[in-house]
Trainee: 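Once you've had a glance at the structure underneath, I'll fire off some questions.
Numbered from 1 within each chain, the chains take letters A, B, ... in sequence-line order.
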There are 4 protein chains.
Amino acid sequence: MTSGTRSKGTRSSFLEEARRAQIVQCAIDIISTHGYAQASLALIAERAGISKGVISYHFAGKDELIAQVYTEVMTLAAKAVLPRVEQQPGASDKLRVYIEGSIAFIGTHGPHSIALLEIWNGLRTPQGKPVFDARSYEPGLDFLQNIFRQGQAEGEFRRFSPRHMAVAVRSAIDGVLVQRITYGDKVDLEESSRELVDLFHAATAKPAAPTRGSRRPRA
Amino acid sequence: MTSGTRSKGTRSSFLEEARRAQIVQCAIDIISTHGYAQASLALIAERAGISKGVISYHFAGKDELIAQVYTEVMTLAAKAVLPRVEQQPGASDKLRVYIEGSIAFIGTHGPHSIALLEIWNGLRTPQGKPVFDARSYEPGLDFLQNIFRQGQAEGEFRRFSPRHMAVAVRSAIDGVLVQRITYGDKVDLEESSRELVDLFHAATAKPAAPTRGSRRPRA
Amino acid sequence: MTSGTRSKGTRSSFLEEARRAQIVQCAIDIISTHGYAQASLALIAERAGISKGVISYHFAGKDELIAQVYTEVMTLAAKAVLPRVEQQPGASDKLRVYIEGSIAFIGTHGPHSIALLEIWNGLRTPQGKPVFDARSYEPGLDFLQNIFRQGQAEGEFRRFSPRHMAVAVRSAIDGVLVQRITYGDKVDLEESSRELVDLFHAATAKPAAPTRGSRRPRA
Amino acid sequence: MTSGTRSKGTRSSFLEEARRAQIVQCAIDIISTHGYAQASLALIAERAGISKGVISYHFAGKDELIAQVYTEVMTLAAKAVLPRVEQQPGASDKLRVYIEGSIAFIGTHGPHSIALLEIWNGLRTPQGKPVFDARSYEPGLDFLQNIFRQGQAEGEFRRFSPRHMAVAVRSAIDGVLVQRITYGDKVDLEESSRELVDLFHAATAKPAAPTRGSRRPRA
DNA sequence: AATGAATGAGGCTTCATTCAT
DNA sequence: CATGAATGAAGCCTCATTCAT
């Protein structure tokens, strides 16, 4: 209204955003520890030390909160993984970094990863149909498919269906997450990472030429 | 079990079992079409054309019904897949038949497969902990791990972690199921089967010997 | 299923109907005493001495309960008033009996009448639009308009707009109800009835012929 | 009130009054479009482009705001109708002008009229009793009764109960409003006005003397 | 004087479970 | 054995009101 100082609107927005972020974070915690179905607004509010109504005040409803959580986690994951992948010139390296990055994200953002899986599996339309069905995977699958197509075009990869391979890679990574959820620290993510890299390297690489030497660029 | 006239108790048991089986079947239908969260006893009872109380009468509670569904489907799947796998002498063929059988099961028992996934993801303890977490996978994983160990011992497979490979195989098969749920008939299960067989053949096979000929036993 | 005795279905229906009727009656009582807006399911259930869930069990939701109340009262009112009206051959007598019957209904079915008015005024769509707006009056207005058309055709009534007269008659009767709601027994319904009969007789009758004698058929 | 610089208190009062008037106006708009039950403070504040708290600041509570709306509209209506009525010397003309003025007010102040009806029907005490029941009508009814008494005393009107006639006139005018709310412009207010004037002229006038000529002084 | 944030009560609905018949 | 009826908890949402800034 006056000048110089930050406008009220901005200050409002700042506090508003802080609250929203806090609530989103608590939602992630609760969803990851109690599961999507048990993640009631009451539980989330309790965790945040606020009244239930506060959530309704800052979010249009539970749906918006969940959507926000989803967006938050997806954005975080994409930022953590994709840029580093794209820095790799070769398809084989891209695949390796994608797998390594994805599994590393599970380690650094455990609750986020779990929450993502929970929402994925738990969020339904009122008719019971999944809101995030396989269609939501498409962007990620596209990303992988492009890597595979590049590798095949450049002769680095053998012939296979890029789509099915992409589905398998994503599924395998999710499988690691499921293991991690159950067994916690007993699952050595670095080992899982190495094994999956090897697995999909072997699965995609061209059959060894007769005079081939070392097979793996790195273990 | 076979003779016509049995004691009342047995006849009771027979009817009892028929009722239970009917309810379990309806539960599978409802869970697969409406999702776990929406699968209320009322919906299942309506589908079965019976009263809600009947379910409570035949099952200790919803949990027991769901557990029964789970057992039923797991048993069906095991019967459909495992015997044929064990008929194969070689580890490589065992793996191939396991994958083929598992994906074929998705095709022949769609609702069962979906229900299994729904229960897997949806069933929780009152504290929100998954009832069927990765631990429930262990029997299946053991089965696969044994195949891999056999193959490695017999020199058919390269060196890799049997456990991680087992997790990857199961996850990849589940990935096909998720695709199938979303895209239905547009997902060609036979193609998926072939691709996964190829994928894991390549992933497990020893690096091609210099003078090896055909790599795939079957296309 | 057997024979002779009433089928289970019927017995069920009987008890079912009794409960529904009880709940509808309690809803009428609560709506008439506390007003539509305050007529919560909790209050109605408390009055009926049952749990809130019972209402949800017997009715699809609050909407269906209210609709049932509305239908119940409308049907009662129609049965109480219309047949006697149609027994009258002359339009003038029809009008008189209609007014007398409508006001008598207020006396014999006070809570019903009040509940009807409350629902009429209070029930809204989620967007705030009245569910029972003037359109719902049309059947009743038609009935009155036909009386007026008959009277004009037979020369008993003077020239006027049947529609506007019909609206005025209905409104005047509702006005008596509003008075009754506020002042209770202090409003003499018989007197109100006589006055309205006179009023609308005078309003509809042809200008007195020069040699006219008695004006009212009944005082 | 007129001079430019006044004490702070007065200037405050001026702004205060402006704010209150603005809020009252917005309340009228919202009530008339969304209905009383849906007219939340949030909606009214949004319409006014202010914060919800402002309303609480300027009004003791929602009740006071509504009461203010009621007073505002009643005052407007009284100012629009009563003075012109009182200019008429004869009772018959007074009645005519009262009806004409009241219906004209519906045309010129649609939202006000609707809001008035909504408040009338919707506002309740915490116990569910109407706040504005028929008692609130008394001033208006008195005004009409005085007209009728005058007309009867001066021999212009026939014998009838002034009170019941007054109730009928008010009810009939309200009936026109209800029609207008539902059917909007399709209700010709001028026609409604003429018909009601005729109706109540006929209803109140002395039976035609044997040698009388024209019945209506004016249409 | 105004605001946005927070509260807490209350409403409707769904649902697994219990129980008398 | 089976049923329909009833329960009570829990969930999400709306809203008038209060309060610190």
Side-chain angles (χ1 to χ4, degrees), chain A residues 1 8-9 11-16 18-20 37-45 48-63 65 126, chain B residues 12 15-16 19 37-45 50-63 65-66 126, chain C residues 1 8-9 11-16 18-20 37-45 48-63 65 126, chain D residues 8 11-12 15-16 19 37-45 50-63 65-66 126:
Chain A
M1 209 174 176
K8 270 168 163 181
R11 180 175 146 272
S12 266
S13 265
F14 178 74
L15 287 177
E16 163 88 11
R19 255 287 186 251
R20 282 177 66 102
Q38 307 291 332
S40 66
L41 292 190
L43 216 49
I44 295 171
I50 58 179
S51 160
K52 228 176 15 169
V54 182
I55 300 179
S56 293
Y57 178 80
H58 288 283
F59 295 89
K62 193 182 188 184
D63 288 354
L65 171 57
Chain B
S12 271
L15 287 178
E16 164 86 13
R19 258 283 188 254
Q38 307 290 332
S40 66
L41 292 190
L43 218 50
I44 295 170
I50 59 179
S51 163
K52 233 179 0 173
V54 183
I55 300 179
S56 296
Y57 183 83
H58 287 284
F59 296 89
K62 192 184 187 183
D63 288 354
L65 169 58
I66 298 299
Chain C
M1 208 172 177
K8 269 168 160 180
R11 182 174 146 269
S12 267
S13 265
F14 178 75
L15 288 177
E16 163 85 12
R19 253 289 186 253
R20 282 177 65 101
Q38 307 291 332
S40 68
L41 293 190
L43 216 50
I44 295 170
I50 58 180
S51 161
K52 224 176 19 168
V54 181
I55 299 178
S56 293
Y57 178 80
H58 289 282
F59 295 89
K62 193 182 186 182
D63 288 354
L65 171 57
Chain D
K8 207 179 161 195
R11 184 172 146 272
S12 271
L15 286 179
E16 165 85 13
R19 260 280 188 257
Q38 307 290 331
S40 66
L41 292 190
L43 217 51
I44 295 170
I50 58 178
S51 162
K52 231 178 3 170
V54 183
I55 299 179
S56 296
Y57 183 82
H58 287 284
F59 295 89
K62 194 184 186 183
D63 289 353
L65 169 57
I66 298 300

Trainee: So how far is it from B:L65 CG to B:F59 CZ, rounded to the nearest 0.5 Å?
Mentor: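 B:L65 atom CG to B:F59 atom CZ measures 5.0 Å (nearest 0.5 Å).
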
Trainee: Mind calculating the distance between CD (C:E16) and C1' (F:dT3) to the nearest angstrom?
Mentor: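 Whole-Å distance recorded here is 13 Å.
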
Trainee: Applying side-chain contact (heavy atoms from CB on, under 4.5 Å), name anything that partners B:A45, two or more places apart in sequence or on another chain.
Mentor: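 If we apply the side-chain contact (heavy atoms from CB on, under 4.5 Å) test to B:A45, skipping adjacent residues, the hits are B:I50, B:K52, B:I55.
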
Trainee: Which sits closer to the 5' end of DNA chain F, C:S51 or A:A39, going by the nucleotide each is nearest to?
Mentor: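 It is C:S51 whose nearest nucleotide is closer to the 5' end.
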
Trainee: Output the rounded distance in Å from CZ (B:F59) to C1' (E:dT18).
Mentor: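 Spelled out: CZ on B:F59 to C1' on E:dT18 is 18 Å.
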
Trainee: Output the distance between atom OG (C:S40) and atom NZ (C:K62), rounded to the nearest 0.5 Å.
Mentor: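 Nearest 0.5 Å value for the OG-NZ distance: 6.5 Å.
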
Trainee: Under 3.5 Å, side chain of A:R19 to main-chain N/O of A:H58, donor-acceptor pair present?
Mentor: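 Pair absent, no side-chain N/O of A:R19 close to backbone of A:H58.
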
Trainee: Looking only at side-chain N and O atoms, does A:R19 come under 4.0 Å of OP1 or OP2 in E:dG4?
Mentor: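 So the side chain of A:R19 is outside the cut-off, no N or O lying under 4.0 Å from OP1 or OP2 of E:dG4.
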
Trainee: Could you write out each protein N or O paired with an N or O of nucleotides 13-15 of chain E at a distance under 3.5 Å?
Mentor:
| from | atom 1 | to | atom 2 | distance (Å) |
| --- | --- | --- | --- | --- |
| E:dT13 | OP2 | C:K62 | N | 3.0 |

Trainee: Rounded off to whole Å, could you give me the CD1-to-P distance for the C:I55 and F:dG8 pair?
Mentor: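 In whole Å, F:dG8 P and C:I55 CD1 are 14 Å from each other.
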
Trainee: Measure the distance from CG on D:L43 to P on F:dA16 and round it to the nearest whole Å.
Mentor: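 Going from D:L43 (CG) to F:dA16 (P), I get 10 Å.
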
Trainee: Using a 3.5 Å limit on both distances, find every run of at least three consecutive Watson-Crick or G-U pairs that involves DNA chain F.
Mentor: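 Counting only runs of 3 or more consecutive pairs, the stems involving DNA chain F are E:2-21 with F:2-21.
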
Trainee: Examine F:dA2: is either OP1 or OP2 under 4.0 Å from a nitrogen or oxygen in the side chain of B:H58? Give yes or no.
Mentor: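 Yes, B:H58 has a side-chain N/O under 4.0 Å of OP1/OP2 on F:dA2.
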
